[in-house]
J.: 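Below is a structure I'd like to ask you about.
Since the model is a prediction, treat every value here as computed from it, not as a measurement. Reckoned from all heavy atoms, side chains included, excluding hydrogens, waters and symmetry mates. The first residue in the sequence is number 1, and the count goes up from there.
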Amino acid sequence: AMKNPVPQAASLLLEKLMLLVHIRPLPAGSGGKTPPPAPSYYDTSCFKRGDLLEVPRTLFIHFGIYLGENRVAHLMPDILPSITGDRRQIQQVVTNKRLILGVIARTASVRVDTVEDFAYGGSILVNHMDRLFEDQVLGSEEAAHRAEKLVGATAYSLLWNNCEHFVTYCRYGAPVSFQTDKFCEAVKMIIRDQRSVLASVLLGLASIFCLGVAPSTTLPTIFIPFFLWMAG
């Protein structure tokens, strides 16, 4: 039996868009390398060990767990851990090429970076998700300890194991991703809407062939949604 292509197409669309979570625009003439912000760019005195840090980006949010001493544990797609064990090489800032290949190969690593490398110039929200979990917040030391235990190579999945799953497991004990859930719901709504339009068009066409040519006033009602569906 053939598999339904709709969920596969939705998953592929989600995968392509989620790349925008991590990809960092590099200025022309930089040779693919952008110097990180100066160490004093962020005031880490307001961060506590075990805090959940969020960095809003173009379409999505990147997450990490603060470990103290200007260190953040976060999960990033990365092809390098699957082809080398050289820790010094792996610890270098992840390039766009490494990231994209990691997504394709479904490999990643939980790495520890400075706050500057983690945020890369973006604004940082602290424990912003706590309001969604209420009494499920674990102790700060427990959250940091969980993050430290997971440091290293890991499998990667945009739907089941991304940076948000990592931090929610560490701080709340449950690996969930609200932004992925919302995006999947949006994709399902688009698919349902297109199916409804297509069904209406087919029903209208069937009535024309079975009952005769429809009055000219009804033709736009039938074909306009069809053209809109095709354009979408």
J.: Report yes or no: does T154 contribute a side-chain atom to a donor-acceptor pair with the main-chain N or O of S109 at less than 3.5 Å?
T.: no
J.: Okay, side chain of Y42, backbone of G121: is any donor-acceptor separation there less than 3.5 Å?
T.: yes
J.: With heavy-atom distances below 4.5 Å as the criterion, would you say the side chains of E164 and L75 are in contact?
T.: no
J.: Under 3.5 Å, side chain of T168 to main-chain N/O of A174, donor-acceptor pair present?
T.: yes
J.: So, the side chain of R111 versus the backbone of Q92: is there a donor-acceptor pair under 3.5 Å, distance only?
T.: yes
J.: In the structure I gave you, are the side-chain heavy atoms of N70 and E116 within less than 4.5 Å of one another anywhere?
T.: yes
J.: Take Q91 and D113 through the side-chain hydrogen bond (donor to acceptor under 3.5 Å, both in side chains) test and state the conclusion after the steps.
T.: CA-CA 8 Å; Q91 191 55 37; D113 286 311; 3.2 Å; yes
J.: Among T44, L52, V126, whose side-chain contact (heavy atoms from CB on, under 4.5 Å) with Y66 holds?
T.: T44
J.: Quick check: do R71 and T114 have side-chain heavy atoms less than 4.5 Å from each other?
T.: no
J.: Please check: side-chain N/O of H128 versus main-chain N/O of L125, any donor-acceptor pairing under 3.5 Å?
T.: no
J.: In terms of heavy-atom contacts, does CZ of R87 have more than 12 from other residues, nucleotides or ligands at under 6.0 Å?
T.: no
J.: Using atom types as modelled and distance alone, determine if a side-chain donor or acceptor of T84 lies under 3.5 Å from a backbone N or O of D86.
T.: yes
J.: Spell out, as yes or no, whether a donor-acceptor pair under 3.5 Å connects the side chain of N162 to the backbone of L158.
T.: yes
J.: Return the minimal non-hydrogen interatomic distance between P77 and A108, and the atom names on each side.
T.: CA-CB, 3.7 Å
J.: Contact between T107 and I79 at the side-chain level, heavy atoms closer than 4.5 Å - yes or no?
T.: yes
J.: Do the two ring centres, one from Y120 and one from H62, sit under 6.0 Å apart?
T.: no
J.: Can you find a pair of side-chain heavy atoms, one from D78 and one from L101, that are under 4.5 Å apart?
T.: no
J.: Would you say V93 and I83 are hydrophobically clustered, going by side-chain heavy atoms of ILVMFWY under 4.5 Å?
T.: no
J.: Checking R98 side chain against I90 main chain: does a donor-acceptor pair fall under 3.5 Å?
T.: yes
J.: May I ask you to decide if D130's main-chain N or O and N127's side chain share a donor-acceptor pair within less than 3.5 Å?
T.: no
J.: Does R49 use its side chain to pair, donor to acceptor, with the backbone of L67 at less than 3.5 Å?
T.: yes
J.: By the ring pair (Phe, Tyr, Trp, His ring centres under 6.0 Å) test, which pairs, at least two apart or in different chains, include something from residues 129-155?
T.: F133-Y172, F133-F178
J.: Just so I know, are the side chains of L53 and V72 near enough to count as touching, which here means a heavy-atom distance under 4.5 Å?
T.: yes
J.: Are the side chains of H74 and V110 in touch, meaning some heavy atoms are under 4.5 Å apart?
T.: no
